[in-house]
Number of protein chains: 2
Amino acid sequence: MEESHDDGMNIGLLLFLPYRSLETRVFAALARAGYDDFTAAQMKIMQRIGPDGTRLTDLAEQAQVTKQTAGFLVGQLEKGGWVVRTPDPTDGRARLVCLTERAKEAIPVADAAVAEVTADWEAHLGPRRMKRLRETLIMLREIADPYAHQ
Amino acid sequence: MEESHDDGMNIGLLLFLPYRSLETRVFAALARAGYDDFTAAQMKIMQRIGPDGTRLTDLAEQAQVTKQTAGFLVGQLEKGGWVVRTPDPTDGRARLVCLTERAKEAIPVADAAVAEVTADWEAHLGPRRMKRLRETLIMLREIADPYAHQ
DNA sequence: TACATTAGTCAGAGACACTGACTAATGTAG
DNA sequence: CTACATTAGTCAGTGTCTCTGACTAATGTA
């Protein structure tokens, strides 16, 4: 604990604060648009579902939870009509978790909310700084994301 | 959900990934040093305790949880010998949550872990980019942290 | 002195995340 | 082609986190 007390401000907290701010605002925007019957944990799973569906194990790995936890959350999402599980044609053991139409309709709402937050940030930081921030974070991902795929 | 699908990468995820990486590594370093009997949620509370103690309500506000949750976590920390609650001389209703000696001893361990991670990042990004990242995040905090104090 | 506010607690419930043990399908070595 | 290990996913049980609602006690204010 107490990761602070270094030179300036704790870099972890500095990363976390805007992340939380963004997440909160996107969540609120979705709720305002009527998409209010899912939780933050469920959203984290849904975020990771690809256009052609994603396996439970992959979702678990990317969200950094156990497959049991991912299974629980996918179960909740299925009950709520956000996802369906379809058999994976390439592997009889596996099933693909896919977004339903309803879930796909929510994507533009979420995107718009992200765009609004991003615009606020850019207005505060200026376009140059904002662009560099994004570039730096993409670069940082190479070493800070065990799951970086590219 | 599905906050992605914009131009490049979801900026929220880009902020979150290094945050999580840092947190995981600091947590692991503390565990290796023998400080392994507290949880991530408890750490988030402890992080916010000032050198002269902090009120429960303030901890709750900063960590963005209810005071009941903060109270629960402080209770766990108290059982584990990480904090003590002392009366607040200026307000008979309030108590100050203070770090014990044991907790204070863990601070340099956490700081060293943060320094190590920061060094890794700087090695990857280069000193200029790292410096700008920190500056930008501090600037961003002004609008992304409802609790920014300064 | 009455009333509203603030600090914190108690009780109960739901959500989340873990470990361990399991089934079924797949891949591999002999 | 058979035995073994691996992989995908589920079931059961438990502990932790977080919330809402209702409450006590101290403080501030009219």
Side-chain angles (χ1 to χ4, degrees), chain A residues 1 16 20 23-24 27-28 31 36-50 52-80 82-98 147, chain B residues 1 16 20 23-24 27-28 31 36-50 52-80 82-98 147:
Chain A
M1 86 302 331
F16 179 68
R20 184 172 62 183
E23 190 188 56
T24 303
F27 206 75
D36 59 352
D37 51 335
F38 58 87
T39 67
Q42 288 165 20
M43 189 167 84
K44 264 181 202 165
I45 291 291
M46 261 200 286
Q47 261 180 49
R48 300 294 200 155
I49 298 175
D52 303 322
T54 304
R55 290 191 190 179
L56 187 68
T57 306
D58 293 336
L59 292 176
E61 208 171 313
Q62 290 176 46
Q64 306 230 139
V65 295
T66 61
K67 54 189 180 171
Q68 292 94 321
T69 297
F72 170 78
L73 293 169
V74 166
Q76 304 292 92
L77 287 168
E78 200 167 28
K79 273 189 210 163
W82 296 103
V83 306
V84 287
R85 297 189 226 221
T86 63
D88 184 336
T90 73
D91 191 330
R93 294 165 299 180
R95 288 197 284 170
L96 293 172
V97 179
C98 301
Y147 205 83
Chain B
M1 86 303 331
F16 178 68
R20 185 172 62 184
E23 191 190 58
T24 304
F27 206 75
D36 59 352
D37 51 336
F38 57 87
T39 68
Q42 288 165 20
M43 189 167 82
K44 265 182 200 164
I45 292 291
M46 261 199 286
Q47 259 181 49
R48 300 291 200 158
I49 300 174
D52 303 322
T54 305
R55 289 190 189 180
L56 188 67
T57 305
D58 293 335
L59 292 176
E61 209 171 311
Q62 291 176 47
Q64 307 230 137
V65 295
T66 60
K67 55 189 180 172
Q68 292 93 322
T69 298
F72 170 77
L73 293 169
V74 167
Q76 303 293 90
L77 287 168
E78 199 167 30
K79 272 188 211 164
W82 295 103
V83 305
V84 287
R85 295 188 228 223
T86 63
D88 183 337
T90 73
D91 190 332
R93 295 166 299 177
R95 290 196 282 170
L96 293 172
V97 179
C98 301
Y147 205 85

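Order of the sequence lines fixes the chain letters, A, B, ..., with proteins taken first and strands second; residue numbering starts at 1 for each chain. Values reported hereafter were calculated over all heavy atoms of this structure, with side chains retained and with hydrogens, waters and symmetry mates removed.
Nucleotide C:dA29 forms a Watson-Crick or G-U wobble pair with D:dT2, both donor-acceptor distances falling under 3.5 Å. Base pairing of C:dA24 is made with D:dT7, judged by Watson-Crick or G-U wobble geometry with both donor-acceptor distances under 3.5 Å. Base pairing of C:dG12 is made with D:dC19, judged by Watson-Crick or G-U wobble geometry with both donor-acceptor distances under 3.5 Å. Nucleotide D:dA30: paired with C:dT1 (Watson-Crick or G-U wobble, both distances less than 3.5 Å).
Spacing between atom CG of A:L56 and atom P of C:dA17 amounts to 14 Å, rounded to whole angstrom units. As a whole-Å value, the separation of A:L59 CG from D:dG9 C1' is 12 Å. Between B:F72 atom CZ and C:dG12 atom P there is a gap of 16 Å when expressed in whole angstrom units. A straight line from CD of B:E61 to P of C:dT6 spans 11 Å, rounded to a whole angstrom. Atom NZ in B:K67 sits roughly 14 Å away from atom P in D:dA22 (whole-Å rounding). Rounded to whole Å, the distance from CZ on B:F27 to P on C:dA17 is 14 Å. Between the CG atom of A:D37 and the C1' atom of C:dA15 there is a distance of 15 Å, rounded to whole Å. Taking atom CD1 of B:I45 as the reference point, atom P of C:dG8 lies 12 Å away to the nearest angstrom.
Of the candidate nucleotides C:dA17, D:dA12, D:dG9, C:dA17 has the atom nearest to the side chain of A:A41. Considering only the side chain of B:V65, D:dT18 comes nearest among D:dT18, C:dG20, C:dA17.
Phosphate contact (OP1/OP2 of C:dA17, side-chain N/O of A:T66, threshold under 4.0 Å): absent. When the side-chain nitrogen and oxygen atoms of B:T69 are compared with OP1 and OP2 of D:dC17, none of them lie within a distance under 4.0 Å. Taking only side-chain nitrogens and oxygens, B:T57 comes nearer than 4.0 Å to OP1 or OP2 of C:dG8. For C:dC16, the OP1/OP2 oxygens have a side-chain nitrogen or oxygen of A:Q42 closer than 4.0 Å.
Applying a 4.0 Å cut-off to non-hydrogen atoms, the residues of residues 83-96 of chain B that approach DNA chain C are B:R85, B:R93, B:A94, B:R95, listed by residue number.
If you find the closest nucleotide of DNA chain C to A:Q68 and to A:Q76, the one lying nearer the 5' end belongs to A:Q76. Residues B:R55 and A:L73 both approach DNA chain C. Their nearest nucleotides, taken by heavy-atom distance, put B:R55 toward the 5′ side.
Judged purely by atom type and a 3.5 angstrom limit, B:Q42 uses its side chain to pair as donor or acceptor with the backbone of B:T39. Between the side chain of A:R95 and the main chain of A:T86, no donor-acceptor pair closer than 3.5 Å is present.
When the options A:L59, A:L73, A:L77 are evaluated for a side-chain contact (heavy atoms from CB on, under 4.5 Å) with A:M46, the one that passes is A:L77. For the side-chain contact (heavy atoms from CB on, under 4.5 Å) with A:L96, the qualifying choice from A:V83, A:T90, A:D88 is A:D88, the only one to do so.
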Mind running side-chain contact (heavy atoms from CB on, under 4.5 Å) on B:L56 and B:V74 for me, showing each step along the way?
CA-CA 8 Å; B:L56 188 67; B:V74 167; 3.7 Å; yes

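A cation-pi contact, defined as under 6.0 Å to the ring centre and within 45° of the axis, is absent between A:K67 and A:F72.
Across every non-hydrogen atom of B:V65 and B:A70, the tightest pair is CG2-N, 4.0 Å.
Within the model, atoms CZ of B:R20 and CZ of A:F16 stand 13.0 Å from one another, a figure rounded to the nearest 0.5 Å.
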